[in-house]
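To start, the structure under review is shown below, and the notes come after it.
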Number of protein chains: 2
Amino acid sequence: MAGVSRNNAGLSTEAIVTEALRIIDGQGLRRLTMRRLGDALNVEAMAIYHHFPLGKEQLFDAIVAHITDVDDTPRSASEPASHDAPAEPDPRSWRERLHDWAEAYRAALLDHSGALALLINRRADTPAALRSLETHYAAFAEAGLAPDTIPRAAAALNAYVTGAVIREVRTQSPASPDRVAPETVDGRYPHVARLAPTEGEDHDQSFRWGLEALLRGLVGSTHPTDRA
Amino acid sequence: MAGVSRNNAGLSTEAIVTEALRIIDGQGLRRLTMRRLGDALNVEAMAIYHHFPLGKEQLFDAIVAHITDVDDTPRSASEPASHDAPAEPDPRSWRERLHDWAEAYRAALLDHSGALALLINRRADTPAALRSLETHYAAFAEAGLAPDTIPRAAAALNAYVTGAVIREVRTQSPASPDRVAPETVDGRYPHVARLAPTEGEDHDQSFRWGLEALLRGLVGSTHPTDRA
DNA sequence: ACCTGAACACCGTTCAAGT
DNA sequence: ACCTGAACACCGTTCAAGT
């Protein structure tokens with residue numbers, strides 16, 4: 001009687017995934033429950049199974065696909081990604097393209113860090129993942145890497161970005177500061193005591209610093225200037 | 001009547017963690033249940049709460065601590081780690097020490113890849129983590145890094161190793177081969193089609209290759225020979 | 001101290017039924 | 001096609017009780 005008929009709540013996979021992410025971000029992954037999700041969508045929990053017949057695991061897959069569907073084009077944060085634009089030449093250097101992707105991917109993961117655990121045991125089969133791979137391969141080819149090392153370079157880049165986000169999330173977990181607790185550092189860990197950052201790391205800066213180091217190591221003796 | 005009295009099943013935190021890891025490795029994380037774990041230990045599920053009063057979350061913490069308690073001393077795989085040996089000078093170069101740690105840590109994570117998801121939202125506060133940090137700081141200092149860059153270098157190394165393991169586990173997930181499915185590569189991903197490894201990656205080799213590249217990038221223009 | 005047994009408030013998922 | 005409602009086989013955790 002409130003305007004929506006009994007058997008059409010306007011549910012869609014998109015709406016379900018979005019609401020699921022809201023719950024994860026707000027209450028944590030453990031509290032994402034079919035019943036709670038149904039409540040948030042004003043629907044019986046079992047209605048979700050009509051859109052995800054394989055149940056919660058399939059919902060998790062969709063959540064991961066949603067999060068990792070990042071747009072790494074230049075920084076116009078306003079308009080949504082247009083996946084079907086005609087291939088206009090990218091003005092960015094290979095280094096800029098890799099940097100932009102890394103920043104965008106990191107930001108996407110950090111935006112939903114509560115869902116990070118879902119990433120681990122799920123394959124990266126999505127079109128977005130393949131697009132990113134193509135971007136990385138092309139960039140490293142342009143950088144002059146030998147063909148057989150290009151997949152490894154792309155793998156290393158992916159590993160670094162993912163691992164950096166995880167490390168960042170781990171070190172800023174609740175109830176403990178970024179820096180090492182002073183009482184544990186007494187005598188046995190002199191280097192840690194002397195060198196550990198005193199007031200928390202700047203994760204943004206650390207990330208970029210490590211990224212640049214990795215790219216430097218990957219492209220070997222390539223000249224520091226970009227642009228093939 | 002079977003030799004053990006009714007209220008002493010010989011339970012210990014160590015035994016519980018070990019059995020929990022056996023279940024995770026054999027059946028997956030989702031099937032690790034207090035009741036199942038109790039069954040495997042020939043005990044009522046509620047007995048576990050006497051050793052882990054804070055419940056499953058505390059058990060998870062102990063599992064992560066157990067997995068990440070790696071020994072990175074030279075490759076004598078036989079004898080257990082002696083944490084209280086007098087400080088005999090380490091004959092390995094800083095590069096060898098970092099390599100050895102990376103390999104050992106990767107192996108430890110891969111050994112229980114089913115528990116990887118637990119790592120993500122849990123702090124690395126353990127003594128083992130602090131020992132590793134000390135190792136890394138000392139090695140990078142010996143390599144000649146500027147003091148303020150040493151924590152970042154250690155963070156990058158940690159990120160790479162963790163991320164590489166996750167990538168490895170993700171790409172070898174069930175029901176899909178390592179290499180990219182040919183049908184998705186048709187026309188739109190020319191570099192991927194041309195350069196993707198045809199018969200699965202050699203993860204061991206890729207890992208080492210990426211690790212060396214990262215270290216090269218981190219230590220900057222240091223000479224390729226080790227030993228300060 | 002160490003473990004049991006019953007109970008509570010939840011879960012994910014199936015299934016037949018409604019519209 | 002899309003959603004509901006009841007039911008089933010589980011969960012984690014508490015609590016009082018046993019020895």
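Computed from a predicted structure; not experimentally measured. In what follows, every chain begins at residue 1, and chains take the letters A, B, ... in the order their sequences are listed.
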Salt bridge check, A:Glu44 against A:Arg35: does any charged N sit closer than 4.0 Å to a carboxylate O? no
So [X], base contact, sugar-phosphate only, or nothing? Heavy-atom distance under 4.0 Å.
X: A:Gly38; value: nothing
X: B:Arg36; value: sugar-phosphate
X: B:Met34; value: sugar-phosphate

With the side chain of [X] defined as its heavy atoms from C-beta on, choose the nearest nucleotide among [options].
X: A:Tyr49; options: C:dA6, D:dT4, C:dT13; answer: C:dT13
X: B:Leu11; options: C:dA7, D:dT4, C:dC3; answer: C:dC3
X: A:Val43; options: C:dT13, C:dT4, D:dC3; answer: D:dC3
X: B:Arg35; options: C:dT13, C:dA7, C:dG5; answer: C:dA7
X: B:Met46; options: D:dT13, D:dC3, C:dT13; answer: D:dT13

Using purine N1 to pyrimidine N3 plus N6-O4 or O6-N4 for Watson-Crick, or N1-O2 and O6-N3 for G-U wobble, both under 3.5 Å, which nucleotide pairs with C:dA16?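 Per the H-bond distance test, D:dT4.
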D:dC11: pairing nucleotide in any strand, Watson-Crick or G-U under 3.5 angstrom: none
Distance (rounded to the nearest 0.5 Å) between [X] [atom1] and [Y] [atom2]:
X: B:Leu157; Y: B:His99; atom1: CG; atom2: NE2; value: 9.5 Å
X: B:Phe60; Y: B:Leu32; atom1: CZ; atom2: CG; value: 5.5 Å
X: A:Gln58; Y: A:Ile63; atom1: CD; atom2: CD1; value: 11.5 Å

Fit a plane to each ring of B:Tyr160 and B:Phe207, take the angle between them on a 0 to 90° scale, and name the class: parallel (under 30°), tilted (30 to 60°) or perpendicular (over 60°).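 Parallel: the ring planes of B:Tyr160 and B:Phe207 meet at under 30°.
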Atom pair distance, as rounded to whole Å: [atom1] in [X] and [atom2] in [N]:
X: A:Leu32; N: C:dC10; atom1: CG; atom2: C1'; result: 15 Å
X: B:Leu37; N: D:dT13; atom1: CG; atom2: C1'; result: 15 Å
X: A:Arg30; N: D:dT13; atom1: CZ; atom2: C1'; result: 12 Å
X: A:His51; N: D:dA1; atom1: NE2; atom2: C1'; result: 9 Å
X: A:Asp39; N: C:dC11; atom1: CG; atom2: P; result: 9 Å
X: A:His50; N: C:dT14; atom1: NE2; atom2: P; result: 14 Å
X: B:Leu41; N: C:dC2; atom1: CG; atom2: C1'; result: 14 Å
X: A:Ile48; N: C:dC11; atom1: CD1; atom2: P; result: 12 Å

Quick check on DNA chain C: between B:Glu44 and A:Gly55, whose nearest nucleotide comes earlier from the 5' end?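 Nearest nucleotide further toward 5': that of B:Glu44.
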If you assign A:Arg31 and A:Pro53 each to the DNA chain C nucleotide with the nearest heavy atom, which residue ends up on the more 5' nucleotide? A:Arg31
Side-chain donor-acceptor pair under 3.5 Å between B:Trp101 and B:Ser132, yes or no? yes
DNA chain D: A:Ala47 or B:Thr33, which has the more 5' nearest nucleotide? A:Ala47
